[in-house]
Each structure stands twice: as C-alpha cells, then as structure tokens.
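Accompanying notes for the structure given below.
Sequence lines set the chain letters: A, B, ... in the order given, protein chains first and strands last, and positions in each chain run from 1. Computed from a predicted structure; not experimentally measured.
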There are 2 protein chains.
Amino acid sequence: MEGRTPMKDDDVIGVEVLQDLDPDSPVSRYRQIADQLAAAVLDRRPGARLPSEYEILNRLGVSRATATQALRDLEQRGLVTRRQGKGTFVADPDRAIRSNRPGVLPSFSEDLRAAGRTTRERVIALEIASAPADVAAALGIGKGDDVWSLERIIVSDDQPVVHLTSWLSCATVPALSRSAVEATSLYEQLSQIEGSRPCSADEQWSAAVAPPTTATVLDVGRNAPVMRVVRTAYLHDERPVEYAIAYVRGETFAVSIHIDAHQHRSRLLASLTKAAG
Amino acid sequence: MEGRTPMKDDDVIGVEVLQDLDPDSPVSRYRQIADQLAAAVLDRRPGARLPSEYEILNRLGVSRATATQALRDLEQRGLVTRRQGKGTFVADPDRAIRSNRPGVLPSFSEDLRAAGRTTRERVIALEIASAPADVAAALGIGKGDDVWSLERIIVSDDQPVVHLTSWLSCATVPALSRSAVEATSLYEQLSQIEGSRPCSADEQWSAAVAPPTTATVLDVGRNAPVMRVVRTAYLHDERPVEYAIAYVRGETFAVSIHIDAHQHRSRLLASLTKAAG
DNA sequence: GAGTGGTCTAGACCACAGC
DNA sequence: CTGTGGTCTAGACCACTCT
C-alpha cells in the first residue's frame with residue numbers, strides 16, 4: 001500500500017529486500033525468509049521497522065503462519081522485537097544472541113570479532129597426553145586414555161585476552177594438526193571430520209584469580225581477577241567431544257545477559273562484550 | 001542407547017495429567033496446556049517422556065498447532081527438549097532457563113533458592129541520596145536528582161554471598177520502606193506500585209577484585225575474586241527503574257550457559273549455579 | 001509401517017496501537 | 001477506523017526414528 005506516514009527511509013526495511021524463495025532448497029521457507037531479513041537487519045539502526053506479516057505473505061505468497069514463524073525466528077535470535085498492534089522492529093544489538101550463524105557454535109574468537117575486535121590465535125602446544133581424572137570424567141572416557149591436549153592464546157587488538165586449554169578424545173578425533181588449527185580454528189577443523197562437529201555446549205563462567213602460568217601468558221599481575229570458563233561441547237548425539245578450561249582477562253570482557261519478561265515469558269540472551277567501568 | 005540419563009519405562013508423563021481447559025480464562029489455551037505440563041515436569045527425572053502432540057490434541061480437543069505451541073513454549077523455557085521422530089522429553093534441569101514464573105524477573109535470591117539454598121536478606125541502609133553521574137545516566141535522570149539508595153546483603157546457608165546496592169529514581173518510586181523490603185523483596189514491593197514493575201533487565205557479569213567494603217561485608221580476603229554484576233531493570237515501556245551493582249562471591253557461584261545449535265538455531269539458557277572446582 | 005515432530009496452507013477471531 | 005501481532009482451527013505433506 002502507498003501513502004504511509006512520512007518516515008525516514010533509514011527507519012524502514014521494505015518488502016523489496018525479499019527475494020523469491022527457492023522451492024528446491026532444503027532450507028525451510030520460513031528460514032529462507034528469516035535469513036533474508038536477518039541480512040537486512042544488520043545494516044539498520046535499532047528501532048527500524050521490518051515488513052509486517054501481511055506484507056511478507058503478499059510479497060512471497062506464503063501463508064500467514066509462515067510469515068509469523070520467520071519473524072518469530074528473528075525474535076528468538078534477539079535480532080528484532082515484536083509488539084502487538086505496532087509491528088516488528090530491529091532490536092538493540094547489545095541484546096542479540098551470541099551466534100546467528102545456524103548450526104554453528106560461537107567461539108571466543110567469534111565473540112571477540114562480534115565485539116568489533118581483531119583476533120589472532122597462537123597455538124602454544126598440541127600433543128597427545130593421558131587424560132587426567134576431571135578430563136576423563138567430562139569426556140566420558142577412562143582415566144589415562146589418550147587425549148589431544150591443545151593449549152592456545154587468543155590475541156585481540158595486540159593484547160592477549162584468552163588463555164585456553166582444550167582436551168579431545170583421540171578415539172573421537174583421530175587426527176589434528178597444529179598448522180590446520182592455526183590457519184582456521186579448532187571448531188572449523190572438527191566440522192570437517194565426519195560426525196565430530198560440536199552441536200551444543202555447556203559453559204560455566206566464574207570469577208577466579210589467574211593461575212601463575214596464565215598470569216604470565218596473559219601478562220597480568222599475580223592476583224589479577226579473571227573469568228574462568230569451563231566448557232564441555234557435545235556432538236549431535238550428546239556425546240562429549242571437547243572439554244576446555246579458559247581464562248579471560250576479567251577487566252576486559254563480560255557476559256551480558258538480557259532478561260525479558262514481556263509477554264509472560266522469560267527470554268534470555270547473552271554475549272561477550274566489553275566490561276563496564 | 002547412549003544418553004546421559006538411563007530411562008525407565010515408567011518415566012512417562014501421561015495425558016491424564018492434563019485437566020480440561022478453562023474457556024473463560026484470559027490465559028491462552030496453549031499457555032494453559034504448557035503450564036499444566038510444566039508443573040508435571042518438575043516431579044520427573046530428566047529424560048522422562050511427555051505426551052505427544054497427537055495425544056494432547058485428542059485429549060483436549062485443540063488443534064495440532066495449539067498442542068505444538070504448548071510444547072514449543074516449554075522448550076523455550078528450557079524445561080523440555082524435542083526430537084523429530086522420537087518425542088518430547090524432560091530436559092536436564094541445569095539447562096533450564098532462570099525464571100519459569102511468567103512475567104517475573106529472576107532475582108539473586110530466587111537464583112539461590114533455585115539452586116537449593118536458603119536465603120535471607122538484610123538491609124544495611126535505605127536512604128534518599130543525590131544521584132551520582134553513572135547512576136543518573138543509567139536511570140535517565142539528572143545528576144544530583146533524588147534517588148533511593150538501597151544497600152543489602154543476601155545471606156545463603158549462613159554465608160554472606162551477595163552484596164548489592166540498588167538505586168531507584170524517587171520520581172518513579174515515590175515510597176519504599178525498609179521493613180517492607182526485608183519482609184518480602186524489592187521486586188515484590190515494586191510490583192505492588194502501579195506501573196513500576198520491572199519487565200526486563202540487562203545484566204553484565206565480569207570478574208573483579210572485591211572492593212574493600214565488600215570484602216569486609218562478604219568476609220573474604222582483600223584481593224578475593226568476585227563476580228561484579230551491573231544490572232539495569234526496565235519497565236514495560238523500556239524506561240529504566242533500577243540500577244544496581246552487586247558483588248557475588250566468585251568461588252561459590254557461576255553463570256551457567258547452554259548453547260544449542262540443534263535444528264539450525266542457537267539457543268541459549270543461563271542460570272546461577274554452584275561453581276565447579 | 002506406525003508414530004513422532006517439522007513445516008505449511010487458508011482461512012478465522014481477537015486485543016492492542018494509532019489516527 | 002485500519003493495521004498490527006496473538007491466538008486458534010482443521011486439515012496436509014514431509015523427514016526422521018524405531019520396530
């Protein structure tokens with residue numbers, strides 16, 4: 001329809017951004033719509049308006065339920081907010097969910113790049129070791145079994161920010177090379193080994209003092225506060241594939257959480273961001 | 001089958017738990033179904049099976065979309081996981097979302113109680129002060145404007161765990177009494193003042209060393225690591241109502257995050273839990 | 001093959017916001 | 001009033017899992 005209230009072009013994402021759907025795509029229709037809109041959202045300022053459900057269904061010839069599902073998908077990713085009677089609008093980027101790439105787990109490097117920082121990874125050591133008790137328990141293998149032990153530093157904007165050690169069962173991940181990890185990333189390498197792509201992860205973030213070696217590597221004082229992150233990553237069938245302990249410079253980064261009780265539902269997003277103060 | 005929890009035949013939530021819906025209720029049908037199932041889920045062990053969509057629609061006479069929406073609602077709260085071809089199952093409680101109570105923001109006390117600990121709140125000071133710059137900026141008021149300053153300690157299992165200071169604009173919250181806050185909770189009090197119920201919040205968790213007064217109050221050493229939490233709580237119309245800075249004993253509690261890339265979607269839950277190690 | 005959830009259609013009525 | 005999202009119906013086809 002023509003004749004909308006005069007508004008800056010900047011504040012509206014028109015239906016024109018939507019290309020016809022690919023009927024042969026394995027990707028569902030609502031997902032194709034959502035992905036197109038997600039790309040458009042990135043350029044826009046918070047508060048910009050998205051096409052309404054009816055505009056989408058008229059443009060693409062889908063049912064309303066499909067248009068609704070596309071917009072709800074974006075809402076769940078934290079990219080937009082929806083208001084009854086008003087419309088769908090670009091959300092505050094601080095409140096976006098960590099990874100928007102489907103099926104891919106966010107890594108520390110990704111978090112940092114999402115925060116607008118450069119990243120570089122350096123492998124300190126990659127070797128086969130025998131699993132300590134805590135590692136064996138987390139990976140569901142026997143104590144003393146062979147595991148890859150991978151120690152890395154993530155350097156961001158020329159400052160060492162994360163010191164992390166990962167353990168992976170040699171039974172699950174037969175081969176791993178230092179050059180490949182340095183060239184791409186650990187998760188990238190795992191994705192290329194059939195069936196060893198991590199699909200979910202549990203992380204625990206707590207405050208701690210930097211252990212001596214970490215303090216040296218991160219170039220902080222002996223009793224410096226750090227975020228201690230314990231991560232277990234799982235395969236599609238819930239078998240653990242990676243157990244990692246990371247230390248993040250405490251004064252530099254924080255976990256941001258947004259809690260939303262609108263609409264009688266608690267929603268919760270998180271991202272690694274610059275710490276306040 | 002491998003799965004982290006073995007399953008018995010009797011780990012089934014039958015359709016019998018579902019009572020007929022109240023057609024006069026202002027609560028939507030899918031929400032009534034979800035709430036009934038949520039109550040049933042609490043008693044069950046992870047892995048227990050929920051009624052299928054078809055069992056629900058046959059039992060209650062709703063359409064399949066409504067049954068689907070109920071189960072998807074539970075999935076978004078982190079209470080269940082759904083698997084194509086298999087069914088819907090009770091999720092690991094560690095992966096549940098922080099607050100399951102609709103429309104209510106989780107507080108530190110709630111987090112601790114959810115972790116199975118007792119809590120007690122003690123008000124150290126409640127007074128009207130003039131807003132410092134950072135508080136004024138967060139609350140969207142002028143520097144020096146009148147604000148409530150509320151300093152509290154949360155004691156859990158006879159140990160001081162959280163030291164927090166909240167600031168609230170006197171313009172938004174005209175009255176506040178020490179006894180009322182001690183008897184219930186700050187958020188409970190705010191809920192009873194028309195229009196001052198917090199609906200959403202941003203939190204930032206970072207690692208820090210305990211400031212001197214906090215170290216004394218929490219009974220930790222001078223350079224002890226703590227979680228520094230900065231929270232801004234918002235009303236329904238997005239106006240800020242509370243700005244708070246809290247310090248949580250670092251070695252005791254952690255933020256747990258679960259990232260799920262199943263089904264081409266990143267999902268993210270968080271809860272305050274006991275720290276590992 | 002039977003049962004499950006994933007997706008989709010083509011309608012419908014409602015509550016809410018803004019004019 | 002119109003336009004928005006919230007909810008709902010009564011179907012449908014599909015992909016996946018298990019037997």
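- Rounded to whole Å, the distance from CD on A:Gln76 to P on C:dG6 is 12 Å.
- By the 4.5 Å heavy-atom criterion applied to side chains, A:Leu79 and A:Leu37 are not counted as neighbours.
- Taking for each of A:Gly61 and B:Glu55 the nucleotide of DNA chain C with the nearest heavy atom, the 5'-most of the two is the partner of B:Glu55.
- Phosphate proximity of D:dT9 to B:Thr66: present, with a side-chain N or O under 4.0 Å from OP1 or OP2.
- Remark: B:Ser63 is not in phosphate contact with D:dA10, judged by side-chain N or O atoms under 4.0 Å from OP1 or OP2.
- Between B:Ser28 and A:Ser52, the residue anchored closer to the 5' end of DNA chain D is A:Ser52, taking for each the nucleotide with the nearest heavy atom.
- A heavy-atom distance below 4.5 Å is found between the side chains of A:Phe108 and A:Val229.
- In this structure, A:Thr68 and A:Arg82 have side chains that are in contact, with non-hydrogen atoms separated by less than 4.5 Å.
- Distances were taken from every side-chain heavy atom of B:Tyr30 (C-beta onward) to each of C:dG5, D:dG6, D:dC8; the shortest belongs to D:dC8.
- One interatomic measurement links the two molecules: CD of B:Gln84 to P of D:dC16, which rounds to 6 Å at whole-angstrom precision.
- Within the structure, every side-chain polar atom (N or O) of A:Arg83 is placed at least 4.0 Å from both OP1 and OP2 of D:dT4.
- Considering only side-chain atoms of B:Leu71, the nucleotide from C:dG5, C:dC8, C:dT9 that sits closest is C:dG5.
- In this structure, the CZ atom of A:Arg82 is 9 Å from the C1' atom of D:dT4, given to the nearest Å.
- Here A:Arg64 lies in heavy-atom contact (under 4.0 Å) with a base.
- Distance, B:Glu53 CD to D:dG11 P: 17 Å, rounded to whole Å.
- A:Leu60 has its CG atom 10 Å from the P atom of C:dT9, to the nearest Å.
- At C:dG18, one or more side-chain N or O atoms of A:Lys86 fall inside 4.0 Å of OP1 or OP2 (strictly under the cut-off).
- For the pair A:Thr88 and D:dG5, the criterion of a side-chain N or O lying under 4.0 Å from OP1 or OP2 is met.
- With B:Val147 as reference, B:Ile141 is the one residue of B:Leu168, B:Ile141, B:Thr172 to meet the side chain to side chain contact (heavy atoms under 4.5 Å, CB included) rule.
- The nearest heavy atom of DNA chain C to A:Gly85 and to A:Tyr54 marks one nucleotide each, and the one closer to the 5' end goes with A:Tyr54.
- Summarising the geometry, the separation between CG on B:Leu57 and C1' on D:dT9 is reported as 11 Å, rounded to the nearest angstrom.
- A sub-4.0 Å separation between OP1 or OP2 of D:dG6 and a side-chain N or O of B:Arg29 is absent.
- Put simply, the side chain of B:Arg49 never gets that close to the backbone of B:Gly87: no donor and acceptor are under 3.5 Å apart.
- One can place CD1 of B:Ile56 at 16 Å from C1' of D:dT9, the figure rounded to the nearest angstrom.
- When the C1' atom of C:dC16 is taken as reference, atom CZ of A:Phe89 falls 13 Å away, rounded to whole Å.
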